[in-house]
Amino acid sequence: MLLTLLASAFNVLRPWPMKYIVDTLLPAAAAHSVVHDGWSVPAILAAVCALMVVFHLLAGGIGYMVSVITLRVSLQALLRLRTELYAYLHSLPLKFHDQRRSADSSFRVAYDSQSIQAVYSKWFFVFQSAIALVATFGTMWALDRQIAVLSLLIVPFMVLAIYWYAKRIREQSTAIAEKESAVLTVAQEGLSSVKIVQAFGREEYEVAQFQSSAKQSLEANLTLNATSMRSALIVGTLVATGSAAMFYLGARHVMDGKLSLGDIWWLSTLVLMLYQPLEALTHVAWGLQGAAAGTQRCFEVLDRENDVPDAPDAKELPPVKGEVVLENVSFGYDEKRLVFHDVNVRIAPGQTVAFVGGTGAGKSTMLSLVPRFYDPVKGRVSVDGHDLRTLTKRSLRAQISIVLQDTLLFSTTIRENIAYGRPDATEAEIVEAAKRAQAHEFIAAMPGGYASQVGERGGHLSVGQRQRIGIARAFLKNAPILILDEPTSALDPQTEAAIMTTLEDLMRGRTTLIITHRIATIHRVDNIIVLSEGTVVEQGRGDELVAKGGRYAQLHRAAHLS
C-alpha cells in the first residue's frame, strides 16, 4: 500500500514542473531577467526539466515494482487454483465424471482457471486507481474547488453504465467459455478417433461438426465485443463531455484572473489523470465480470459435494485376506432408476468368482463398488468385515489391483507405466513383473527397452502388448484382491489363450472378481454369479448351473454353438 501511495504522489507531482516553467520562468525570461532568486534562469530551467525526469522515474520505478508484485501474487493464485481444481477433480467420484465431458473439465483447468489471475490483477488495479483518484482529486480541490466538483458530475452516469452492462458482459463471457469448451470437446473427440473417421470416410462430417461449434463460439465472441464497444462509446462520450466542461470553466477562470496559465496546465493534466483511471475502471469492471464468469466455472467444481467422501473418522485398512461381501446392495446412478437391487454375494478369501449376464446387467457397476468408485444407495459392501464407508479410499484401493478390457497407459515410458501403482519399485521388481506377465521379451526387443515411450494411450503398442503391461502392473502391485473387467474381450483367440495363461498365474492366491462374456474362460472358476435385470438369478459352479438348465445354461449353450 505504501508503494502505491508513493507512486500516486509522484504521479500527481509530475505536471508541477511545467506549471513552474509557465508561471515563473517564462515571465522572468520575458522580463529579460537573467537571475531569479539568486539562480540563473537557464540553470533553473535545466534543473526543473531534470526534475520532470526524476518524478517520471520515481513514479514509473515504483509502479514497476508494484506491477511485479501484483503479477507474482496473481500467478501464484493461478497456480494454486489450477492445482486445487485438478486435485479435486481427481478426488471426485466416477459419478461426477460420468455426467461430464472430460474436455469440459480440461477446459476449466487449463483456461477458466486463468480468470483468477485477471481477478487479482484487476482488483489491485481498482485499489491502485482509487488511491490515484483520491490524490488527484485532492490536488484539484486545492487548486480550484469548482473545477474539482465539476469533474465529478459524470461519475454517477459512469456508475450507471457499469451497472447496466456488467450483467450482460458476465452472461456473455460465460456463454463464450461454454462455447469454447464445446469446440475443445469436438476437436478432442474427432482427433482421438481419427482412425475411425478416416476408415468410414467421415472427414467432411467431422469438419462440419467442428465448424458449426466454432461458428457458435465466433457468434458469442461477436456479441460480447459488440457489447464492449457500445459501452466504450458511452463511457468515452461521458469523459469527453466532462473534459469539455472542465476546460470551459478553467478557461473562464483564467480570463477572470482566478487561475494562472500554469494552474490551468496543471489542472488539465490532472483532469486527464482523473478521467483516464475512471474510464479504465469501467473497462476493468467489465473485465472483472468476464473473469468472474471463468472463476465461477472453476468454483462450480470446487463447490461440488463429494458423493463418495472419506468419513471424518475413516481408518486405514490393515492387510486383508480378501473376503468381499455385498449385503442387500442396491445401486443406481439415479436413485429412482436402479441398475441392480437387493444383491447378496459373499466371496471367500482366495476365491475366484465370475460375473456374467447380458449387456447392461450391471456387472461392471457392481464391481466398481468394491474399490468404492461408487457407494450403494442401499446396503453394505465390506472387505474382511470392514464396511468400506469406514475406511480411507487410499488404503482400500492400495489392496486392489484392476485389469480392464482396454488397458489405460500414460504417455510415458514402459517402466513408468508398469510401476504406476508402485512408483518406488526397483528395476529388478519391474523386470520380474514383466516376465511374469510374459511382457519382458517384447519389451527387451524394443530399441529403448523399458525406457521406450508407449505413445498417447499406448498407441505405439498392440492391444495384446498393452494388456500384458496392464497385467505386469497388477503383478507388481501384488494386491490381495484382483478385479478383471473383460480382460480378453478385445483379443484374438490365440492372444487370448496366452493372456489367460498369464492371468491364471496372476489370479493364484488372490480373491479374484472377473467379468467376461466368454463363458469358456470362466466355466471352471470357484463360483459364477449370473445377473439379469438387476438381480442375481443364479450362482454356483459352471457344471452345476448347466445342469439346472437356467440362464447360465442358455449362455453356455450359445457360446458353444457360436
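Since we're looking at a predicted model, the values are computed, not measured.
Applying the salt bridge (Lys or Arg N to Asp or Glu O under 4.0 Å) test to pairs two or more places apart or on separate chains, those with a residue in residues 73-82 are R80-E84.
Paired with V383 under the rule side-chain contact (heavy atoms from CB on, under 4.5 Å), one option of L388, I347, T511, V325 passes, and it is L388.
Under the 4.5 Å side-chain criterion, counting only non-hydrogen atoms from C-beta, T365 is in contact with F340. Counting only heavy atoms from C-beta outward, the side chains of I528 and R541 never approach each other to under 4.5 Å. Inter-residue side-chain proximity for M507 and L484 is flagged as met; some heavy-atom pair is nearer than 4.5 Å. Looking only at side-chain heavy atoms (C-beta outward), F373 and V308 stay at 4.5 Å or farther from each other. Residues V370 and I400 meet the side-chain proximity criterion, which asks for heavy atoms closer than 4.5 Å. No side-chain heavy atom of P309 sits under 4.5 Å from any side-chain heavy atom of R389. Contact of the D424 side chain with the E429 side chain is not registered, since no non-hydrogen atoms from C-beta on lie closer than 4.5 Å. Using a 4.5 Å heavy-atom threshold, the side chains of I522 and V356 count as touching.
Of the inter-residue distances, the one linking L461 atom CG with Q453 atom CD reads 11.0 Å to the nearest 0.5 angstrom. Taken to the nearest 0.5 Å, the CD1 atom of I430 stands 10.5 Å off from the CG atom of N417. Taking CD1 of I402 as the start and CD1 of I483 as the end, the distance is 4.5 Å to the nearest 0.5 Å. To the nearest 0.5 Å, atom CD of residue E538 and atom CD1 of residue I529 are 12.0 Å apart. Taking CD1 of I469 as the reference point, atom CD1 of I414 lies at 4.5 Å (rounded to 0.5 Å). Note that CD of E427 and OH of Y450 are 7.5 Å apart. Values are rounded to the nearest 0.5 Å.
In summary, the side chains of D485 and S364 do present a donor paired with an acceptor at a separation below 3.5 Å, with no hydrogens or angles considered. Inspection of the R422 and N478 side chains reveals no N or O donor paired with an N or O acceptor under 3.5 Å. Side-chain contact check for S395 and T392: at least one donor-acceptor pair (N or O, by modelled atom type) lies under 3.5 Å.
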For H341 and T535: C-alpha separation, side-chain torsions, deciding distance, then whether side-chain contact (heavy atoms from CB on, under 4.5 Å) applies. CA-CA 6 Å; H341 53 88; T535 60; 3.1 Å; yes
Full working for side-chain contact (heavy atoms from CB on, under 4.5 Å) between V381 and V329: CA-CA 7 Å; V381 182; V329 168; 4.0 Å; yes
side-chain contact (heavy atoms from CB on, under 4.5 Å) assessment of V454 paired with R466: CA-CA 9 Å; V454 303; R466 291 199 297 270; over 6 Å; no
Evaluate side-chain hydrogen bond (donor to acceptor under 3.5 Å, both in side chains) for T413 paired with E416, printing each intermediate quantity in order. CA-CA 5 Å; T413 64; E416 289 173 291; 3.1 Å; yes
Please lay out, stage by stage, how H440 and V431 fare under the test side-chain contact (heavy atoms from CB on, under 4.5 Å). CA-CA 7 Å; H440 176 72; V431 172; 3.8 Å; yes
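Aromatic ring orientation, Y420 versus F410: parallel (interplanar angle below 30°, classes split at 30° and 60°).
The environment of CZ in F442 is crowded: more than 12 heavy-atom neighbours from other residues, nucleotides or ligands sit within 6.0 Å. Enclosure of atom OH in Y86 is not indicated, since only 12 or fewer non-hydrogen atoms of other residues, nucleotides or ligands lie within 6.0 angstrom.
Closest approach of R380 to H386, counting heavy atoms only: NH2-C, 4.3 Å.
No salt bridge links R394 with E316; every basic N to acidic carboxylate O contact stays at or beyond 4.0 Å.
N221 meets the side chain to side chain donor-acceptor pair (under 3.5 Å) test with no other residue; sequence neighbours excluded.
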